[in-house]
Peer 1: 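First the structure, which I've put down as structure tokens, then a few questions once you've had a look.
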Number of protein chains: 2
Amino acid sequence: MGDDSPSRRVRADAERSTARILEAAEAVLAVDSTASLERIADAAGLARATVHRRFATRAALLEALAEQLSGRYLLGLAEARVKTAPPLVALHRVTEFVLGLRSDHRFALQLTEARTPEVLDGLDTLFARLRDTGAVTAAEPAWSRRVYLALLCEVYELPADSAALGPGAAADETAAKADLLVRTTLGALGGSHDTAALSPSGR
Amino acid sequence: MGDDSPSRRVRADAERSTARILEAAEAVLAVDSTASLERIADAAGLARATVHRRFATRAALLEALAEQLSGRYLLGLAEARVKTAPPLVALHRVTEFVLGLRSDHRFALQLTEARTPEVLDGLDTLFARLRDTGAVTAAEPAWSRRVYLALLCEVYELPADSAALGPGAAADETAAKADLLVRTTLGALGGSHDTAALSPSGR
DNA sequence: GACAAATGAAACAAGGGTGACTCACTTCTG
DNA sequence: CAGAAGTGAGTCACCCTTGTTTCATTTGTC
């Protein structure tokens, strides 16, 4: 799916343009999901015609964007060893990974096509394992996943100096947010509050 | 603000039209917030011209819609005695009231103008009182409010037969959802899990 | 029943977004 | 350096939405 036959070469700056378009699209659409292609092109520092050359239609651009976002999430799930690592550890790792992304998650999660079945399945198996461990009371993984994602958006948009993050949050914002999100999610889902065993000494 | 001078009479069917427009707008815009006025008019069973007669511009319609929604929330807060009743009871009452509304809350909460300062303040004082009671650990009412509203959307969209609602949910769906939401919120915010004292025998 | 209010249908102009195309120009790559 | 790939700027047609207006018709209300 990557390189073609040697006959047709893809120039380096063309790929750079594509990346810049996707980047700009994510930033602009996060603010206003109805923004015109021209505004996206401006944000990317390119002409609108160039956007059309990369992505034939607006829908194609959105699709590519969704695919990219889904890919990032999948990578995070894989790196966290969602299926094998101790579920609490995996949850923490996924959370830190996702919060570390520059994506605007409220936008990303609204993008229907970004919620790939694979991503959802990954989270669901994680929450199923958390339930089997007893870390979570909620029976339905799908429900747990929804709660987690909803809280993810709220935590993500939390200002860095919020008191909700606890003391010393400025030191490592992402870690503090991950702690808060894990704690809040487990509490919401009726877990036994043993999260202290996770955050303290280790890192 | 209701009746005018006797000189100008507002016919009954006109008010009915206005109500139908707002109703249809809420339903249609909840699905697609960029839906055209024509689709709203169709859903209301009226001509687009009539919509324009009631609301000069699209913005005016949205504003009226937001005002209506905000009014409903304010009514719920008032009826729950947010400022005087025992906070846990008030929280439960607000929740039941809001879940009983036919509004699509995910849409309503996205509608910026519907989040009136009054509504936000009402919730914030409620969560401040919950914190003072010890029912909630989270220090910042604003954070508690955000968590509550985020979970509200998820609970609201939960299918009636979801296992997350627990046994016997079909009996009174709204009550079951309210229980779930209160329990989940208090858990998320680190409350002492004494919610059993609320739901069982009373109602 | 009479009068005024309200509506439906239709046409209209204005504005904006999308997508396709051309052509001159710049920038990579071999 | 030479040719090909990529880009910018401009134009064009098309469609959809918004907002306005007109006129015949229906519907409340007194």
Side-chain angles (χ1 to χ4, degrees), chain A residues 1-66 107 110-113, chain B residues 2-66 107 110-111 113:
Chain A
M1 196 178 274
D3 324 11
D4 278 19
S5 56
S7 66
R8 190 203 293 182
R9 50 188 176 187
V10 255
R11 241 167 64 176
D13 54 348
E15 288 193 30
R16 234 181 306 140
S17 289
T18 310
R20 282 168 68 181
I21 292 172
L22 286 174
E23 196 176 338
E26 188 184 332
V28 171
L29 293 176
V31 177
D32 174 12
S33 62
T34 70
S36 70
L37 293 184
E38 186 154 29
R39 282 185 50 195
I40 294 175
D42 285 352
L46 298 170
R48 187 169 67 92
T50 304
V51 176
H52 273 291
R53 270 189 279 259
R54 295 292 128 201
F55 306 99
T57 72
R58 180 191 183 88
L61 172 57
L62 289 179
E63 191 183 347
L65 195 50
F107 165 68
Q110 275 174 3
L111 204 55
T112 322
E113 301 133 29
Chain B
D3 324 10
D4 279 18
S5 57
S7 64
R8 190 203 293 182
R9 52 187 175 188
V10 255
R11 241 167 66 175
D13 55 349
E15 287 193 31
R16 233 181 308 138
S17 290
T18 310
R20 282 169 66 181
I21 292 171
L22 286 173
E23 197 176 338
E26 189 183 331
V28 172
L29 293 176
V31 177
D32 174 12
S33 61
T34 70
S36 69
L37 293 183
E38 185 154 28
R39 282 184 48 194
I40 294 175
D42 285 351
L46 298 170
R48 187 170 65 93
T50 304
V51 176
H52 273 291
R53 270 187 279 260
R54 296 292 129 202
F55 307 99
T57 72
R58 181 192 182 86
L61 171 58
L62 289 178
E63 190 182 346
L65 195 51
F107 165 69
Q110 275 176 2
L111 203 56
E113 302 133 29

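Bear in mind that the values here come from a model prediction, so they are computed numbers and not experimental data. Residue numbers begin at 1 in each chain, while the letters A, B, ... track the order of the sequences.
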Peer 1: Identify the two heavy atoms, one from B/Ile21 and one from B/Ile40, that lie closest to each other, and give their separation to 0.1 Å.
Peer 2: O-CG2, 4.2 Å

Peer 1: Using a heavy-atom cut-off of under 4.0 Å over every strand shown, decide if B/Arg48 touches base, sugar-phosphate, or nothing.
Peer 2: base

Peer 1: Closest heavy-atom contact between B/Arg20 and B/Ala44?
Peer 2: NH2-O, 2.9 Å

Peer 1: So does A/Arg53 reach the base of D/dG8 with its side chain, donor to acceptor, closer than 3.5 Å?
Peer 2: yes

Peer 1: On the nucleotide C/dA6, are OP1 or OP2 found under 4.0 Å from the side-chain N or O atoms that B/Thr50 carries?
Peer 2: no

Peer 1: Whole angstrom is fine here: how far is it from CG in A/Leu61 over to P in C/dG17?
Peer 2: 15 Å

Peer 1: Mind checking B/Arg39 for me? I need base, sugar-phosphate or nothing, with any heavy atom below 4.0 Å counting as a touch.
Peer 2: nothing

Peer 1: Run the side-chain contact (heavy atoms from CB on, under 4.5 Å) test on B/Phe55 and B/Leu65 for me, step by step, so that the C-alpha distance in whole Å, both residues' side-chain angles and the decisive distance to 0.1 Å come before the verdict.
Peer 2: CA-CA 11 Å; B/Phe55 307 99; B/Leu65 195 51; over 6 Å; no

Peer 1: B/Ile40 has an atom CD1; how far is it from atom C1' of D/dC16, in whole Å?
Peer 2: 15 Å

Peer 1: Which nucleotide sits closest to the side chain of A/Asp13: C/dT18, D/dG6, D/dG10?
Peer 2: D/dG6

Peer 1: With a 4.0 Å cutoff (strictly under), does any side-chain N or O of A/Arg54 reach OP1 or OP2 of D/dT7?
Peer 2: yes

Peer 1: Which nucleotide, C/dT18, C/dC28, D/dT18, lies nearest any side-chain atom of B/His52?
Peer 2: D/dT18

Peer 1: If you define the side chain from C-beta out and look only at heavy atoms, does anything of A/Ser36 sit under 4.5 Å from A/Arg39?
Peer 2: yes

Peer 1: Closest to the A/Leu37 side chain: C/dG19, C/dC28, C/dG17?
Peer 2: C/dG19

Peer 1: How many Å lie between CZ on A/Arg11 and P on C/dT26, as a whole number?
Peer 2: 14 Å

Peer 1: Nearest whole Å is fine: how far is D/dT18 P from B/Phe55 CZ?
Peer 2: 14 Å

Peer 1: Please pick, from C/dG8, C/dC28, D/dT18, the nucleotide with the shortest atom-to-atom distance to any side-chain atom of B/Leu46.
Peer 2: C/dG8

Peer 1: Which nucleotide in the list C/dG8, C/dA6, D/dT17 gets nearest to the side chain of B/Ser36?
Peer 2: D/dT17

Peer 1: For the pair made of CZ in A/Arg58 and P in C/dT18, what is the distance, rounded to whole Å?
Peer 2: 5 Å

Peer 1: What is the minimum heavy-atom distance between B/Leu61 and B/Leu22, and which atoms define it?
Peer 2: CD1-CD2, 3.9 Å

Peer 1: Roughly, in whole Å, what's the span from CD in B/Glu38 to C1' in C/dA10?
Peer 2: 12 Å

Peer 1: Please state whether the phosphate of C/dT7, meaning OP1 or OP2, lies under 4.0 angstrom from any side-chain nitrogen or oxygen of B/Ser17.
Peer 2: yes

